[in-house]
Amino acid sequence: MSESSFTLLRDIGTILLENGEEVRFSIDAYRGYRYVSVRRYIQTDGFTGATRDGVTLTPEIVQVLVPLVARLPDDPKAVQDGVLGKFAKRPGICVVAKVGSFKGRRGLDLRQWQEDVGWTKKGIWLPYEKMKEIKALFAQTKDALNEAPPDLDDF
């Protein structure tokens, strides 16, 4: 495998949103390391593909995040806004998972925080009304990560 090549290892699943948008969960590899990608995709007359909205998570973050997400109630009215956790991604960078509101709607926000900058543009907001699907996709992702990883040199 080339040092800088991106490889899709496993497509986990999709959450359908409005206006031809969807969020895809996948396990990918880059420079020999596995990571989880949660990214928004769109399909319009002028463009079809991934957007900048998304975040990558290390397998270690997913292992800790999945039980926290699983404990969230399915009903958006039964949950309070707040931070679920702050997870180290690499030195100086972490991912913050929180429940909050955006444009009058509740959601799960996964956002990257950089010590010297603060909030970065890397992140994704997942609508809370899709929480059952979010929980299922996170659980499937965790299960897939627990399987024996492929030999990345084969890609």
Side-chain angles (χ1 to χ4, degrees), residues 1 3-17 21-41 49-74 76 78-102 105-155:
M1 175 170 78
E3 263 307 293
S4 63
S5 67
F6 163 84
T7 306
L8 172 66
L9 298 177
R10 185 160 178 187
D11 185 20
I12 302 297
T14 302
I15 297 172
L16 296 177
L17 304 174
E21 296 183 9
E22 60 188 28
V23 174
R24 294 183 191 171
F25 284 62
S26 64
I27 299 174
D28 306 315
Y30 184 71
R31 295 186 175 181
Y33 294 98
R34 287 187 317 157
Y35 63 91
V36 173
S37 177
V38 181
R39 182 152 312 278
R40 184 180 311 272
Y41 286 73
T51 68
R52 291 183 180 183
D53 291 343
V55 67
T56 58
L57 308 168
T58 65
E60 295 79 16
I61 292 173
V62 173
Q63 296 295 332
V64 176
L65 182 60
V66 168
L68 297 175
V69 172
R71 285 195 293 260
L72 290 172
D74 292 335
V79 68
Q80 293 187 2
D81 289 355
V83 174
L84 298 177
K86 186 175 181 180
F87 312 98
K89 189 171 178 179
R90 58 184 179 267
I93 297 177
C94 64
V95 173
V96 177
K98 61 183 179 174
V99 174
S101 298
F102 179 70
R105 292 175 60 198
R106 295 293 261 319
L108 176 64
D109 192 28
L110 303 172
R111 189 101 11 224
Q112 192 166 287
W113 172 270
Q114 190 169 328
E115 284 181 16
D116 58 343
V117 176
W119 296 110
T120 71
K121 292 183 180 183
K122 295 181 181 181
I124 191 160
W125 182 86
L126 304 169
Y128 206 95
E129 61 263 15
K130 302 283 185 173
M131 186 51 67
K132 286 182 183 179
E133 294 172 67
I134 293 166
K135 288 178 182 182
L137 286 171
F138 269 118
Q140 291 170 23
T141 301
K142 181 180 177 187
D143 291 344
L145 287 169
N146 289 336
E147 295 172 1
D151 186 357
L152 297 180
D153 292 329
D154 292 341
F155 291 95

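Side-chain atoms of R52 never come within 3.5 Å of backbone atoms of K121 as a donor-acceptor pair (strictly under, hydrogens ignored).
Other residues, nucleotides and ligands place more than 12 heavy atoms under 6.0 Å from the NZ atom of K135.
Contacts of L68 classified as side chain to side chain contact (heavy atoms under 4.5 Å, CB included), with partners at least two apart in sequence or in another chain: R71, F87. Not counting sequence neighbours, the partners of E133 by the side chain to side chain contact (heavy atoms under 4.5 Å, CB included) test are I15, K130. For E21, the salt bridge (charged side-chain N to carboxylate O under 4.0 Å, His left out) partners at least two apart in sequence or on another chain are R40.
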Worked verdict on Q140 versus L137 for side-chain contact (heavy atoms from CB on, under 4.5 Å): CA-CA 5 Å; Q140 291 170 23; L137 286 171; 3.8 Å; yes
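Rounding to the nearest 0.5 angstrom, the gap separating the CD1 atom in I134 from the CG atom in L72 is 9.0 Å. Note that CD1 of I27 and CG of L57 are 11.0 Å apart. Values are rounded to the nearest 0.5 Å. Atom OH of residue Y35 and atom CD1 of residue I61 lie 13.5 Å apart, to the nearest 0.5 angstrom. The CG atom of L17 sits 9.0 Å away from the CD atom of E129 when rounded to the nearest 0.5 Å. From L84, atom CG reaches atom CG of D109 across 10.5 Å, with rounding to the nearest 0.5 Å. Taking CZ of R24 as the start and OG1 of T14 as the end, the distance is 5.5 Å to the nearest 0.5 Å.
Figure legend: cation-pi geometry between K98 and W119, with NZ or CZ positioned under 6.0 Å from the six-membered ring centre and within 45° of its axis.
Between L9 and A29, the shortest heavy-atom contact is CD1-CB, 3.8 Å. What you find for D11 and F25 is that their closest heavy atoms are OD1-O, 3.4 Å.
For the side chain to side chain donor-acceptor pair (under 3.5 Å) with T56, the qualifying choice from K122, R39, K89, Q112 is K89, the only one to do so.
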